[in-house]
Each structure stands twice: as C-alpha cells, then as structure tokens.
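Sequence positions, counted from 1, serve as the residue numbers for this chain. Both ligands and their constituent atoms are indexed starting at 1 by order of listing.
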Amino acid sequence: MNNDCIFCKIISGEIPSKKVYEDETVYAFEDIAPVAPVHILVVPKTHIANALEITEENSSVIAHIYEVIGKIAREKGIESFRVVNNCGEDAGQTVFHLHFHIIGGRKCGIMA
Ligand code: AMP
Ligand code: ZN
C-alpha cells in the first residue's frame, strides 16, 4: 500500500470504485472517464508503479492479469478489444500504479 497512490486507495476501499472483478492478487474496476462503451482498469493489488518496475520477483501477476482480462472480456461479451498499458508521462501515464486498460465495445483506430 502506497499512501499517496489513488489506485492503492481504491483497492483498499478508501476511495469508492465500480468493482468488476477481485481476487487475492488482482482488482478490476470501471474507468471513471470511459473512452469506449467498455473501459475497465485491471491492476495488481501490490503497488507496482509501472512496467519498468516489473521484475522476476513480481512478474507472475502479469500473467494472471491477462487471465483476468480474458475472463472479464468474456463476461462483458466483447470478443474484440484493446489492452493498453501506458508507461511514463510521455506515454500518457497519469496514475503511477501499474494498470491495464481494457477498451472495447466500439471499433478502435490504428493506435487509439
Ligand atoms: P493512465 O492515463 O494510463 O495512467 O490511466 C489512468 C486512468 O485512470 C484514466 O483512464 C483515468 O480516467 C482513470 N482514473 C483516474 N482516477 C480514477 C478513479 N478514481 N476511478 C476510476 N478510474 C480513474
Ligand atoms: Zn498503488
């Protein structure tokens, strides 16, 4: 738990969220500013700032996140979707707790 991190506060329940999925290591919730009919964020419960902090010790959660992404997509009935992970400010990362956007329910452009 990082006390300055908004997603850590969402995971702990201190900040409300619309929960989509939860297990021991992963939490998923609706993005507050959706860019598509389906826009869900999937995060590890452990605070990892971004892709640069993925190591041999913590990387197993990433495989699990992708299992959860598939589960959520099937539950939402979207066969086609995009997974986005922004790493660093120039890439558009605004919250520094690793998260994967599931964006679907509309046709996507080439990269956005
Ligand atoms: P990124 O720009 O990749 O760091 O994505 C951060 C995402 O978090 C954005 O899509 C925001 O809309 C979303 N977001 C920020 N605060 C909240 C919140 N309190 N609840 C849900 N989503 C949030
Ligand atoms: Zn955090």
Next on the checklist: If we check side-chain contact (heavy atoms from CB on, under 4.5 Å) with L98, which of these qualifies: V61, V42, V43, I62?
Outcome noted: I62

Checklist entry - Would H101 and H99 count as a close aromatic pair, with their ring centres under 6.0 Å? => result yes

Checklist entry - Rounded to the nearest 0.5 Å, how far apart are CG of N3 and CD of E14? => result 7.5 Å

Checklist entry - Looking at the rings of Y27 and F7, which for Trp means the six-membered one, are their centres under 6.0 Å apart? => result no

Checklist entry - ligand 1: which residues have a non-hydrogen atom closer than 4.0 Å? => result I6, F7, I10, F29, E30, D31, I32, A33, L41, N86, G92, Q93, T94, V95, H99, H101

Checklist entry - Taking just the N, O or S atoms of H97, which one is nearest to the Zn ion (ligand 2)? => result ND1

Checklist outcome for this item: The atom of H47 among N, O or S that is nearest the Zn ion (ligand 2) is ND1

Item to check | Within-4.5 Å side-chain heavy-atom neighbours: N58 and T46 | outcome: no

Checklist entry - Would the number of heavy atoms belonging to other residues, nucleotides or ligands and lying under 6.0 Å from NZ of K45 be above 12? => result yes

Item to check | H97 vs I10 side-chain heavy atoms within contact, under 4.5 Å | outcome: no

